[in-house]
*Asks:* 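Please see the structure below; I have some questions.
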Protein chains: 2
Amino acid sequence: MANEIKKLDQNDRNILKALQQDASLSLENLAAQLSLSTNACWRRIKRMEADGIIARRVAIVEPEAVGLGMTAFVAVRTNDHSDQWLKKFAAAASGIDEVVEFYRMAGEVDYMLKLLVRDMADYDRVYKKLIKAVPLSDVSASFAMERIKYETAVPV
Amino acid sequence: MANEIKKLDQNDRNILKALQQDASLSLENLAAQLSLSTNACWRRIKRMEADGIIARRVAIVEPEAVGLGMTAFVAVRTNDHSDQWLKKFAAAASGIDEVVEFYRMAGEVDYMLKLLVRDMADYDRVYKKLIKAVPLSDVSASFAMERIKYETAVPV
DNA sequence: GCTGAAATTAATTGAGT
DNA sequence: ACTCAATTAATTTCAGC
């Protein structure tokens with residue numbers, strides 16, 4: 001089964017911890033840290049990649065360094081809970097690069113989006129793009145002034 | 001200046017787009033895609049690393065694959081807006097692996113945290129850890145049922 | 001499933017335009 | 001700032017335990 005939870009031993013966890021912080025580490029370096037041979041380490045990584053535990057390796061770009069100073073959380077409430085509406089909304093939002101995260105929520109809010117934009121004018125542009133694609137009645141945005149922590153590493 | 005916005009040309013942008021999606025691409029491969037020599041490409045990457053545009057390279061772990069099925073957004077309101085309180089709160093939250101994002105907000109909510117946890121019991125454990133470290137009076141959590149989009153790539 | 005070494009492939013440096 | 005070639009370092013495969 002593809003989406004089963006695989007068992008990880010302490011070496012696997014340590015590999016994940018290290019690579020989630022720095023995937024540019026050489027095998028030799030990483031293996032030495034964990035007192036493994038390079039290719040024992042290599043086989044564990046390949047297994048976790050095959051099992052879908054390690055999804056991919058990416059470069060992290062500093063948003064501030066490229067002028068993306070504003071993070072917006074957009075809470076959406078809807079009356080239309082049809083599958084078709086969600087599909088349309090999901091497709092529209094997923095196609096917008098500034099929408100970096102998108103969740104279906106439990107409780108009051110139906111959907112939560114996280115946007116990364118340059119400034120308020122840029123937010124407005126993305127917002128208009130969004131409501132043009134799908135009619136959204138109840139939308140409320142909150143803006144982040146400061147990013148205190150941002151971590152791609154998940155707790156393992 | 002370290003936190004100045006550097007100018008990027010189309011080649012730089014294309015490199016960032018590619019490496020934000022897949023940092024395991026070989027230089028040769030990447031350079032060929034963009035019709036550059038490997039070493040022109042390499043120098044651009046090194047420059048963007050030195051400029052702090054590319055902050056790091058990380059492995060992305062699939063949360064579901066390691067049993068982290070629940071994302072919680074925690075909105076915090078406080079009466080204590082002192083620097084000292086924030087420092088204490090920031091230190092406590094930053095030290096908790098399950099707190100993957102943490103923002104100071106404009107508007108009604110003072111702080112917004114994103115937590116990655118196994119289940120409701122795990123959320124409760126992290127919540128207790130948090131309020132033990134700093135007294136929090138007004139906390140409200142929203143839970144994500146489904147992650148529709150999650151992107152580490154920023155729009156460049 | 002591991003080690004250690006060999007083979008392959010990729011990253012980095014350097015010379016020259 | 002680039003290309004092309006040479007060098008160095010990393011990854012991947014293979015033989016044996």
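Every chain is numbered from 1, with letters handed out A, B, ... down the list of sequences.
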*Asks:* Starting at atom CD of A:Glu28, determine the distance to atom P of C:dT3, rounded to an integer number of angstrom.
*Replies:* 14 Å
*Asks:* When you match B:Thr38 and A:Arg44 each to their closest nucleotide on DNA chain C, which lands nearer the 5' end?
*Replies:* A:Arg44
*Asks:* Take atom CG of A:Leu36 and atom C1' of C:dG4, then tell me their distance rounded to the nearest Å.
*Replies:* 14 Å
*Asks:* Donor-acceptor pair, B:Arg118 side chain versus B:Val66 backbone, under 3.5 Å?
*Replies:* yes
*Asks:* If each of B:Arg43 and A:Ser26 is mapped to the nucleotide of DNA chain D with the nearest heavy atom, which maps nearer the 5' terminus, i.e. the 5' end?
*Replies:* B:Arg43
*Asks:* Tell me the interatomic distance from B:Ile45, atom CD1, to D:dC2, atom P, rounded to whole angstroms.
*Replies:* 12 Å
*Asks:* Specify the separation, in whole Å, of atom CD1 of B:Ile15 and atom C1' of D:dC2.
*Replies:* 13 Å
*Asks:* Report the distance from atom NZ of A:Lys46 to atom P of D:dC14, rounded to the nearest whole Å.
*Replies:* 15 Å
*Asks:* For the residue pair B:Phe143 and B:Tyr123, categorise the inter-ring angle as parallel (less than 30°), tilted (30 to 60°) or perpendicular (more than 60°).
*Replies:* perpendicular
*Asks:* Taking donor-acceptor contacts at under 3.5 Å, does the side chain of A:Asn39 reach the base of D:dT12?
*Replies:* no
*Asks:* Measure CG/A:Leu27 against P/C:dA11 and give the value in whole Å, please.
*Replies:* 13 Å
*Asks:* Taking only side-chain N and O atoms of B:Trp42, does any of them lie within less than 4.0 angstrom of OP1 or OP2 on C:dA11?
*Replies:* no
*Asks:* So, are B:Glu49 and B:Arg57 salt-bridged, with charged N and O less than 4.0 Å apart?
*Replies:* yes
*Asks:* Could you state the atom-to-atom distance from CD of A:Glu49 to C1' of D:dT11 in whole Å?
*Replies:* 12 Å
*Asks:* Is A:Asp124 paired with A:Lys128 through a side-chain N to carboxylate O contact shorter than 4.0 Å?
*Replies:* yes
*Asks:* In whole angstroms, how far is the C1' atom of D:dA10 from the CZ atom of B:Arg57?
*Replies:* 14 Å
